[in-house]
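The structure appears right after this line, and notes come after that.
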Number of protein chains: 2
Amino acid sequence: MINFKELLKEHGIPPSLQRIKILEYLHNFKTHPTADMVYQALMDEIPTLSKTTVYNTLKTFTEKGILVALSIFENEVRYEYNTEPHIHFKCFKCGRIYDISKTFECLKNEEIEGHKVLEHHINLKGICKNCLVKAGA
Amino acid sequence: MINFKELLKEHGIPPSLQRIKILEYLHNFKTHPTADMVYQALMDEIPTLSKTTVYNTLKTFTEKGILVALSIFENEVRYEYNTEPHIHFKCFKCGRIYDISKTFECLKNEEIEGHKVLEHHINLKGICKNCLVKAGA
DNA sequence: TTACTAATTTGTAACGGTTACAAATTAATA
DNA sequence: TATTAATTTGTAACCGTTACAAATTAGTAA
């Protein structure tokens, strides 16, 4: 059981209710949500919640390294809890994003053609397991 | 010398002046431009050009496989001429996008954890060669 | 507690990339 | 040349996001 209040403090972020709840959500639901999805999900629990707070908080968390921002979709940013390095698979049909645990040793080097690599994002796209079954039936 | 008129016909796209010029630009300048950049660049040559035409044309080309749409930046889509598979490096400082010719054999397989992979995008981020030199000086 | 200050949250308006849509223009055909 | 279809254009709207100021909350000192 993670103490999110402590986790925020460790990252130099004063733990308000909104911040704790947003962090908790990102940690518990691995759905790579957009800012709006987080907002919708927490509206019931925090009726006064503002969308701006969600955007600001997600931005802060990302800057502090607690979350990672993904650019898998063309138009909207998605967030996930920063854990082990992994790659993403997006289904063209259902739109779901899957985490692929496989890592690539060949990307471990931190220098390529003279450039210093700080991040790498691998995004696969295609038809997911579920949609393949549906199409085959 | 590529005959862009013929190339369009081969992809089932009637070759209008606008379409030819846009394709020509994407082929000649490997700058991974946004729709707006293409628009700005062609405004002199085609004074009546509309931004909507650029957007529509880029979309059509992408659907037909002539171009590839990149989601390296968070907010805007960038396009490039569809050639050999390669990966992209985006510099945090100058924002430029570099093509890295290195390919990864480990991503050649078309099936991963049950999902059918149709596309893969590898985006590296960090400090580019040029900016490293500037920072070191 | 109370008064005061700083931090946080909120709501509205605005911004920027993109798209919808109808009118205007151009090309194609008879 | 007249008619029809395709393409382009311009405007307005959409949507994700951000700027900003007001309102609220939390923290501190008397």
Side-chain angles (χ1 to χ4, degrees), chain A residues 4-5 8-9 11-25 31-64 66-67 69-80 95 97, chain B residues 4-5 8-9 11-26 31-64 66-80 95 97:
Chain A
F4 295 107
K5 196 181 268 187
L8 286 171
K9 280 183 190 169
H11 284 85
I13 304 169
S16 69
L17 172 70
Q18 287 85 341
R19 286 170 182 160
I20 293 170
K21 287 298 174 186
I22 291 172
L23 180 55
E24 205 176 296
Y25 184 84
T31 53
H32 316 85
T34 63
D36 190 64
M37 289 172 186
V38 176
Y39 172 70
Q40 297 294 339
L42 295 179
M43 263 176 61
D44 287 341
E45 210 172 348
I46 312 171
T48 62
L49 185 64
S50 161
K51 219 176 242 187
T52 304
T53 302
V54 177
Y55 275 102
N56 289 340
T57 305
L58 292 174
K59 193 178 183 184
T60 306
F61 288 179
T62 302
E63 284 166 1
K64 298 287 183 180
I66 304 179
L67 299 182
L70 309 177
S71 299
I72 305 181
F73 280 99
E74 287 63 31
N75 52 340
E76 54 190 9
V77 179
R78 284 162 176 270
Y79 295 88
E80 70 174 3
I97 299 175
Chain B
F4 295 107
K5 197 181 269 190
L8 286 171
K9 281 183 191 169
H11 284 86
I13 303 169
S16 68
L17 172 70
Q18 287 86 340
R19 287 171 183 160
I20 293 169
K21 287 297 174 188
I22 291 173
L23 180 55
E24 204 175 296
Y25 184 84
L26 262 293
T31 53
H32 314 87
T34 63
D36 191 63
M37 288 172 184
V38 176
Y39 172 72
Q40 298 294 339
L42 296 179
M43 262 175 61
D44 288 341
E45 210 172 347
I46 313 171
T48 62
L49 185 64
S50 162
K51 218 176 243 187
T52 303
T53 302
V54 177
Y55 275 103
N56 289 340
T57 305
L58 291 174
K59 194 178 182 186
T60 305
F61 288 1
T62 303
E63 284 168 358
K64 299 285 184 180
I66 303 179
L67 300 181
V68 176
L70 309 177
S71 299
I72 304 181
F73 281 98
E74 286 63 32
N75 52 340
E76 52 189 10
V77 179
R78 284 163 176 269
Y79 294 88
E80 71 174 1
I97 299 176

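Lettering of chains follows the sequences in order, A, B, ..., and the numbering in each one begins at 1.
- How far CG of B:Leu23 is from CZ of B:Phe4: 5.5 Å, rounded to the nearest 0.5 Å.
- The CG atom of A:Asn56 sits 13 Å away from the P atom of C:dG11 (whole-angstrom rounding).
- Atom-to-atom, CG of A:Leu17 to P of D:dT25 comes out at 12 Å; the value is rounded to the nearest Å.
- Between A:Tyr79 and B:Arg19, the residue anchored nearer the 5' end of DNA chain D, judged by the nucleotide with its closest heavy atom, is B:Arg19.
- The side chain of A:Glu76 lies closest to D:dG16, out of D:dT9, C:dT10, D:dG16.
- Residues B:Ser50 and B:Tyr39 share a closest heavy-atom pair of C-CE1, 3.9 Å.
- Applying the 4.0 Å criterion to OP1 and OP2 of D:dG10, one finds that B:Thr52 has every side-chain N and O outside that range.
- Contacts of B:Ser16 with the nucleic acid, taken as non-hydrogen atoms under 4.0 Å apart, involve only primed sugar atoms and P, OP1 or OP2.
- Between A:Ser50 and the phosphate of C:dT9, there is no side-chain N or O to OP1/OP2 separation shorter than 4.0 Å.
- Contact check, A:Gln18 against D:dT25: no side-chain N or O comes under 4.0 Å of OP1 or OP2.
- The CD1 atom of B:Ile46 sits 13 Å away from the P atom of C:dT26 (whole-angstrom rounding).
- Looking only at distances, no side-chain donor or acceptor of B:Arg78 sits under 3.5 Å from a matching main-chain atom of B:Leu70.
- Distance CD (B:Gln40) to C1' (C:dG16): 13 Å, rounded to an integer number of Å.
- Of the side-chain N and O atoms in B:Tyr55, none sit less than 4.0 angstrom from OP1 or OP2 of C:dT19.
- When heavy atoms are screened at a 4.0 angstrom cut-off, A:Thr34 is found touching no nucleic acid atom at all.
- In this entry the distance linking CG of A:Leu49 with P of D:dA23 reads 20 Å, nearest Å.
- Remark: P of D:dT7 and CG of B:Leu8 are 11 Å apart, rounded to the nearest angstrom.
- The structure places CZ of B:Arg19 at 7.0 Å from CZ of B:Phe61, a figure rounded to the nearest 0.5 Å.
- Using a distance-only test at 3.5 Å, with no hydrogens or angles considered, no donor-acceptor pair links the side chain of B:Thr53 to the main chain of B:Leu49.
- The distance between atom NZ of B:Lys5 and atom C1' of C:dA27, rounded to the nearest whole Å, is 13 Å.
- Between the CZ atom of A:Arg78 and the P atom of D:dC15 there is a distance of 16 Å, rounded to whole Å.
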